[in-house]
Amino acid sequence: MSQTIVQVDAFTDRPFAGNPAAVCVLPAPRDERWMRDVAREMNLSETAFLVRRDDGAYDLRWFTPAAEVDLCGHATLASAHVLWEDGHLTPHETARFHTRSGLLTATRTGDWIELDFPATPPKPTQPPADLARALGTEPLWVGSSRFDLLVLLRDERAVRELRPDIAALRELDARGVIVTAPAAGPEAGYDFVSRFFAPAVGVDEDPVTGSAHCALGPFWAERLGKDELVGYQASARGGIVRVRMQGDRVLLGGQAVTVMRGELLG
């Protein structure tokens, strides 16, 4: 039996930018080995698998080519986009997802989708001994969130020009490393920049990372003194993430574009 798979570029309003994710809306659960094989075959930073519950919510799991992860923003955004675009949900229905990080929801306003995610504020931590060498630069501040290390660099240029040692980053005790700095100036149209490296889970550099903004949101909200921010992830593909703080939750706004549809025959 074939299975439809949809590839979506998330956190962008145009094809071939943002972060690509594959989405499978399954008629019934499949075994974990099959999901891992599909994710490895797709070779994207995330492949999402959804199964509808009787109450209309969906079980949602995310896999990189190498591992299952506990939280993923761009593949959740892509999943919600597919549910609305393919008629699984009506345009005004809230998408509800049961995940390893609890209940997550997505709502749509025009071309924008907003995800309701848990905040994962970073706390100051002693930098790992090899961090500066792995990054090739000296951090101004290092914190640890639920999943990742967050590293503050001196300015936007330092973030954009960073060329880390990926093999050395792979050895750090964290899912990934977020590097960030304030925007170069108000004319930029965003408040902060970031990049995200996660070789430990098979993603050397992720193009646009929703879950990283669960840490970036509270970090920059405290420093900039405002609860609504715009982040730009300065990867080669690039993407915009709107961030709204609501207590211990982070609302992440983004757009999505379908770029490919296919049938899995295995």
Side-chain angles (χ1 to χ4, degrees), residues 1-12 15 18-108 112-118 146-147 175 198 201-203 206-211 214 249 252 254-266:
M1 180 184 297
S2 65
Q3 167 64 50
T4 299
I5 190 164
V6 183
Q7 187 167 318
V8 174
D9 288 343
F11 292 114
T12 182
N19 201 351
V23 179
C24 283
V25 182
L26 302 170
R30 296 292 298 260
D31 65 83
E32 184 172 312
R33 173 65 182 271
W34 181 85
M35 291 187 285
R36 289 181 179 274
D37 286 345
V38 171
R40 189 164 54 248
E41 185 77 10
M42 295 305 296
N43 200 32
L44 301 172
S45 58
E46 300 288 347
T47 299
F49 300 92
L50 300 95
V51 179
R52 188 180 177 94
R53 291 187 172 193
D54 291 340
D55 65 357
Y58 286 82
D59 291 318
L60 171 59
R61 296 174 72 175
W62 311 279
F63 291 84
T64 76
E68 184 172 10
V69 298
D70 290 334
L71 187 64
C72 177
H74 87 279
T76 306
L77 187 79
S79 296
H81 171 80
V82 169
L83 291 180
W84 288 311
E85 185 175 71
D86 290 2
H88 298 283
L89 295 175
T90 64
H92 301 295
E93 279 186 277
T94 296
R96 295 175 292 131
F97 304 107
H98 293 278
T99 75
R100 290 169 66 158
S101 289
L103 179 66
L104 309 176
T105 63
T107 55
R108 188 169 74 166
W112 286 82
I113 297 169
E114 189 170 67
L115 308 175
D116 185 340
F117 269 38
R146 176 182 169 192
F147 303 114
R175 180 189 69 164
V201 293
V203 182
D206 197 36
V208 192
T209 315
S211 63
C214 295
R249 308 293 292 181
L252 305 174
Q255 296 173 281
V257 182
T258 299
V259 294
M260 189 187 309
R261 293 180 181 274
E263 297 291 325
L264 290 169
L265 302 179

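Since we're looking at a predicted model, the values are computed, not measured.
The NE2 atom of His98 lies 5.5 Å from the CG atom of Leu103; values are rounded to the nearest 0.5 Å. Atom CG in Leu264 sits 11.0 Å away from atom CG in Asp37 (nearest 0.5 Å). To the nearest 0.5 angstrom, Glu68 atom CD is 12.0 Å from Thr47 atom OG1. Annotation: the span from Arg175 atom CZ to Ser211 atom OG amounts to 3.5 Å, rounded to 0.5 Å. The line from CG of Leu50 to CG of Leu26 is 7.5 Å long, rounded to the nearest 0.5 Å. To the nearest 0.5 Å, atoms CG (Asp70) and CZ (Phe147) are separated by 5.0 Å.
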Candidate pair Ser101 and Arg146, rule side-chain contact (heavy atoms from CB on, under 4.5 Å), full reasoning: CA-CA 11 Å; Ser101 289; Arg146 176 182 169 192; 3.6 Å; yes
side-chain contact (heavy atoms from CB on, under 4.5 Å), that's the test. Do Arg261 and Ile5 meet it? Break it down for me. CA-CA 6 Å; Arg261 293 180 181 274; Ile5 190 164; over 6 Å; no
Can you check side-chain hydrogen bond (donor to acceptor under 3.5 Å, both in side chains) on Thr4 and Glu263, steps first, answer last? CA-CA 5 Å; Thr4 299; Glu263 297 291 325; 3.0 Å; yes
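When atom types are taken as modelled, the side chain of Gln3 and the backbone of Val25 share a donor-acceptor pair closer than 3.5 angstrom. Looking only at distances, no side-chain donor or acceptor of Thr99 sits under 3.5 Å from a matching main-chain atom of Leu60. Side-chain atoms of Asp86 do not come within 3.5 Å of backbone N or O of His88 as any donor-acceptor pair. Listed for the Thr64 side chain is no donor-acceptor partner under 3.5 Å among the backbone atoms of Gly202. With hydrogens and angles disregarded, a donor-acceptor distance shorter than 3.5 Å links the side chain of Arg96 to the backbone of Asp55.
Two residues are said to be in side-chain contact when any heavy atoms from C-beta on lie closer than 4.5 Å; Val259 and Pro20 fail this criterion. With contacts defined as side-chain heavy-atom distances shorter than 4.5 Å, the pair His74/Ser45 qualifies. Counting heavy atoms from C-beta outward, Arg108 and Trp84 have side chains that approach closer than 4.5 Å. Residues Phe63 and Arg61 are in side-chain contact: their nearest non-hydrogen atoms beyond the backbone lie under 4.5 Å apart. Side-chain contact check for Cys24 versus Arg30: every heavy-atom pair is 4.5 Å or farther apart. In this structure the side chain of Leu115 never reaches within 4.5 angstrom of the side chain of Leu104, judged on heavy atoms. For the pair Asp116 and Arg249, the minimum side-chain heavy-atom distance is below 4.5 Å. Side-chain contact between Thr76 and Leu252 is absent, with no heavy atoms from C-beta onward closer than 4.5 Å.
The two residues Arg100 and Val69 have their closest heavy-atom pair at CD-O, 4.1 Å. Residues Gly254 and Leu77 approach most closely at O-CD1, 3.9 Å, considering heavy atoms. Counting all heavy atoms, side chain and backbone alike, Ala67 lies closest to Arg36 at CA-NH1, 3.8 Å. Here the closest non-hydrogen pair linking Pro65 and Leu44 is CD-O, 3.0 Å. Taking both residues in full, the closest heavy atoms of Ala80 and Ile113 are given as CB-CG2, 4.4 Å, listed atom of the first, atom of the second, then distance. Of all heavy-atom pairs between Val8 and Ala256, the closest is CG1-CB, 3.8 Å.
Note on ring orientation: taking the six-membered ring where Trp is involved, the planes of Tyr58 and Phe97 are tilted (angle from 30° to 60°).
Within a 6.0 Å sphere centred on CZ of Arg53, heavy atoms belonging to other residues, nucleotides or ligands number more than 12. Glu32 CD: more than 12 foreign heavy atoms inside a 6.0 Å radius.
Counted by atom type alone, Ser79 and Trp62 present zero donor-acceptor pairs between their side chains at under 3.5 Å. Inspection of the Thr12 and Gln255 side chains reveals no N or O donor paired with an N or O acceptor under 3.5 Å.
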